There are 2 protein chains.
Amino acid sequence: MAQTQTLSKNQKIILDIIEKANEPLKAYSILFSVQKKGIKAPLQVYRALEKLIKLGKIHKVESRNAFIACKSSNCEISKATAFSICETCEKVTEISDQKLSKYLKNFHDKTGMIYKKYNLEFYGLCTTCKRN
Amino acid sequence: MAQTQTLSKNQKIILDIIEKANEPLKAYSILFSVQKKGIKAPLQVYRALEKLIKLGKIHKVESRNAFIACKSSNCEISKATAFSICETCEKVTEISDQKLSKYLKNFHDKTGMIYKKYNLEFYGLCTTCKRN
DNA sequence: TAACAAACGTTACATTATAACACTATGATA
DNA sequence: TATCATAGTGTTATAATGTAACGTTTGTTA
């Protein structure tokens with residue numbers, strides 16, 4: 001049985017903030033909001049982020065340099081991520097689509113390269129911004 | 001007939017360097033190598049990069065903060081990009097796979113969001129590194 | 001309890017990217 | 001040909017993002 005990984009103090013604090021946010025957070029905005037809890041330096045934030053990513057608790061939205069909580073409950077380790085990003089309001093949503101992820105996991109290029117992970121980001125207009 | 005966009009002096013210099021490199025280049029390494037040609041400031045580089053991206057001449061590899069020349073000759077405007085990235089040697093290759101791009105262009109999520117662009121990055125082991 | 005790994009705290013620094021301002025070149029058009 | 005709009009240039013300064021290096025502390029396990 002897979003042991004539920006216990007998080008350290010800093011990791012808990014930072015995961016908590018990211019989970020409560022309904023938008024991706026930037027590292028330095030996280031830093032700012034945890035300074036009252038004794039986390040003073042960027043490295044403390046980045047180290048926790050790195051661990052949380054490895055555990056699949058959060059993902060990095062590469063094109064935005066921002067961090068978002070993982071929504072798919074059983075995402076123990078993060079190897080396959082897909083997001084939709086509204087270019088107007090910057091809303092980011094994790095896409096969980098079985099067909100899409102199956103398609104991408106099975107994708108192989110012509111060179112024979114072994115794929116271990118992927119990250120897909122769609123950019124466009126969300127339904128709210130579409131109307132305006 | 002689509003007029004071939006004429007590039008400005010700085011844009012030509014920077015595109016030239018990126019095209020001749022067989023790897024993605026970082027903005028500041030570009031800056032360093034064009035300083036003898038009179039381009040002294042980061043902004044001069046970033047402005048040219050921005051324009052070249054808009055024209056589809058180059059792409060940004062988001063997870064690496066690096067820039068690579070577009071290989072698909074008819075890529076006038078860059079809306080759909082896919083790369084494979086070797087996590088060992090950092091070799092980056094643009095993937096041009098008709099089926100993949102067709103699949104992704106036609107992909108729609110449940111929310112009804114309009115997708116204008118996407119960027120897909122696969123991470124893994126290239127054939128060379130696989131052997132070692 | 002010794003040994004090890006993981007996490008912590010801190011200072012300093014490296015890297016990546018943009019703001020703001022003034023100026024120049026170019027082509028369209030009235 | 002004046003003048004207008006647009007794109008590009010050059011410069012200084014600074015913002016934002018991310019790491020190196022060091023030593024200490026904490027927790028696990030043999």
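Lettering of chains follows the sequences in order, A, B, ..., and the numbering in each one begins at 1. All figures in this text were calculated on a predicted structure; none of them were measured in a lab.
Going from atom CD of B/E50 over to atom P of C/dA17 covers 12 Å, rounded to whole Å. Regarding A/K12, its NZ atom lies at a distance of 12 Å from the P atom of C/dA7, rounded to whole Å. Computed from coordinates, the A/L7 CG to D/dT26 P distance equals 19 Å when rounded to whole Å. Computed from coordinates, the A/E62 CD to D/dG18 P distance equals 9 Å when rounded to whole Å. Whole-Å rounding puts the B/L25 CG to C/dA17 C1' distance at 17 Å. Separating the CG atom of B/N10 from the C1' atom of D/dG10 is a distance of 9 Å, rounded to the nearest angstrom. We find that CZ of B/R64 is positioned 17 Å from P of C/dT15, with the value rounded to whole Å. Following rounding to the nearest Å, A/L49 (CG) and D/dA16 (C1') show an atom-to-atom distance of 15 Å.
Taking the six-membered ring for Trp and the full ring otherwise, the centers of B/F122 and A/F107 sit less than 6.0 Å from each other.
Grouping Ile, Leu, Val, Met, Phe, Trp and Tyr by side-chain contacts under 4.5 Å, direct or through others, puts B/L125 with A/I114. Other members of the cluster containing A/I68 are A/V61, A/F83, A/I85, A/V92, A/Y123, with ILVMFWY side chains joined at under 4.5 Å, either directly or via other members.
Judged as a salt bridge (charged side-chain N to carboxylate O under 4.0 Å, His left out), not a single pair has a partner in residues 28-42 of chain A (not counting sequence neighbours). Among residues at least two apart or in separate chains, side-chain hydrogen bond (donor to acceptor under 3.5 Å, both in side chains) pairs with a member in residues 95-112 of chain B are B/D109-B/T111, B/D109-B/Y115.
Of all nucleotides listed (D/dG8, D/dG18, C/dA7), D/dG8 comes nearest to the side chain of B/K51.
Remark: the B/Y28 side chain and the C/dA14 base include no donor-acceptor N/O pair separated by less than 3.5 Å.
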Under 4.0 Å protein heavy-atom contact, by nucleotide of nucleotides 24-29 of chain C - B base, S sugar-phosphate only: ------
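Residues from residues 31-47 of chain B with heavy atoms under 4.0 angstrom of DNA chain D, sorted by number: B/K40, B/A41, B/L43, B/Q44, B/R47.
Remark: B/D16 engages B/K20 in a salt bridge (Lys or Arg N to Asp or Glu O under 4.0 Å) (not counting sequence neighbours). In this view, A/E87 and B/K117 satisfy the salt bridge (Lys or Arg N to Asp or Glu O under 4.0 Å) rule, not counting sequence neighbours. The salt bridge (Lys or Arg N to Asp or Glu O under 4.0 Å) search around B/E90 returns B/R64, not counting sequence neighbours. Under the side chain to side chain contact (heavy atoms under 4.5 Å, CB included) criterion, B/I17 pairs with B/L25, B/S33, B/V34, sequence neighbours left out. Under the rule for a side chain to side chain donor-acceptor pair (under 3.5 Å), the partners of A/T81 that lie at least two apart in sequence or sit in another chain are A/N119.
Summary of helix geometry: the two end axes of the helix from C/dT1-D/dA30 to C/dA30-D/dT1, each defined by five base pairs via their C1' atoms, are inclined to each other by 30° (rounded to 10°).
Counting all heavy atoms, side chain and backbone alike, A/V45 lies closest to A/A27 at CG1-O, 3.8 Å.
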